[in-house]
K.L.:
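One structure follows; several queries about it will come next.
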Amino acid sequence: MKITANNPDRNSWLKVEENSDFPIQNIPFGVFLSDDNITTIGTRIGEYAIDLAVLHQLNYFEGIPLTDDIFMQDSLNDFISCGKTTWRLIRNRIADIFDTENSKLKDNKKHRKKAIYNIKDIEMLLPVDIGDYTDFYSSKEHATNVGTMFRDPDNALLPNWLHIPVGYHGRSSSIVVSGTKIRRPKGQTLPNGESQPIFGPSKLVDFELEMGFITTAANKLGKSISINEAEDQIFGMVLLNDWSARDIQKWEYVPLGPFLAKNFASTISPWIVTMDALDPFRTKGPEQDPKPLEYLQQDGENSYDINLQVAIKPKKQEEKVVSNSNFKYMYWTMNQQLAHHTVNGCNVRSGDLYGSGTISGPTKDSYGSMLELTWKGTNPIQMSDGTERKFINNGDTVILRGHCKNDKVRIGFGECKGRIRKAK
Ligand code: CA
């Protein structure tokens, strides 16, 4: 089935600013709380949020097999379970409804009033009920930087790294939507030169620039998803800030890996941009040498050209952009990650979230964490107000942004932001 929603020549009768992340070709999915306190599933065009439950009730999705309450939910999990054909039918239909050529809803003031909100009048909620969260470690530059800093510059990558999309199982209960304030975590750390740990607020809170993908219920326990099937099981992507406490991490991570340094919070952007919307921005990932094992081999363009940016905004000050990167630098693709994740028969479910791992580019201004940008704090970054940052201070807001762009269309993710509050 053709993705007619992606037609770059299409315009909407809803106003869309020129550099908007949400033209009619995007049609992301999210969950919001309306000003009459109703939680619903919606999409976004320009500065408008559209209530899909209302459109469904008013019969705008006639002919598409859907249950009556599919959009009257506080998560997208059931809709995601409907599968790729339904996702595509709904996006195509929404594009038609809001196309300048179609006056059905445009000329129906009563329906418009019921279904369309100004984005300022709604509150975005977590788009999915995340059962499981897995975080990969798939940026070669990031893994090399961390290996260089903490182990051995000559053997920065561990022997398995070029063969396995390395990952660990994270915590889903503390994943929050953009805008949620983050409490500085407390925990055990080992001060430099000491042999006994101390307890207190982390001094080294960091962001991790990541993207996340969300799957449908793709396989039963004991079955795997082949690399060529993987793509159809991925609903879409979000921006992900996998907050980290580097001092807690350093003390706790041996031998089982990340724990309390990572699970105090992770922030995601509220609108899930579908893989269909990102399709025009496919690109090849980096050359993989050595060649991965057969179950991880795939031809074609399996990565995506997504510009990424991180800014830090101190309280009441101008923001400072600290990193410009791109998703296409990722060494392992999402298809490889999902094929690997399930190759042992591990089942994945609708609404599960997978982090890419910190995305670092090849240059120093494209690194995806303060750990790397300031090289463990040895090169502090100057903020707009003249103060310096080695890591994130109380009151700082970290903002991730992402968008794809070609000659005709810009598809974006909006913002993924969170402010660090002082420890309790
Ligand atoms: Ca991470």
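Each ligand, and each atom within it, is numbered from 1 in the order the structure gives.
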K.L.:
State yes or no: are the ring centers of Phe79 and Phe29 separated by less than 6.0 Å?
P.N.:
yes
K.L.:
Between Arg410 and Glu18, does at least one N-O distance fall below 4.0 Å, as a salt bridge requires?
P.N.:
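Looking at Glu18 together with Arg410, the answer is no, because their closest N to O distance does not fall below 4.0 Å.
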K.L.:
Apply the side-chain hydrogen bond (donor to acceptor under 3.5 Å, both in side chains) test between Gln336 and each candidate in Gln297, His341, Gln288; give the one that qualifies.
P.N.:
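Output: one option passes, namely Gln288.
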K.L.:
Would you call Glu231-Arg282 a salt bridge at under 4.0 Å N-O?
P.N.:
yes
K.L.:
Using the Ca ion (ligand 1) as the vertex, how large is the angle between OD2 of Asp135 and OD2 of Asp242, rounded to 10 degrees?
P.N.:
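Once rounded, the angle between the two atoms at the Ca ion (ligand 1) is 70°.
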K.L.:
Starting from the Ca ion (ligand 1), look over the N/O/S atoms of Glu210 and name the nearest one.
P.N.:
OE2
K.L.:
Can you tell me the N, O or S atom of Glu208 that's nearest the Ca ion (ligand 1)?
P.N.:
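Per the distance ranking, Glu208 contributes OE1 as its closest N/O/S atom to the Ca ion (ligand 1).
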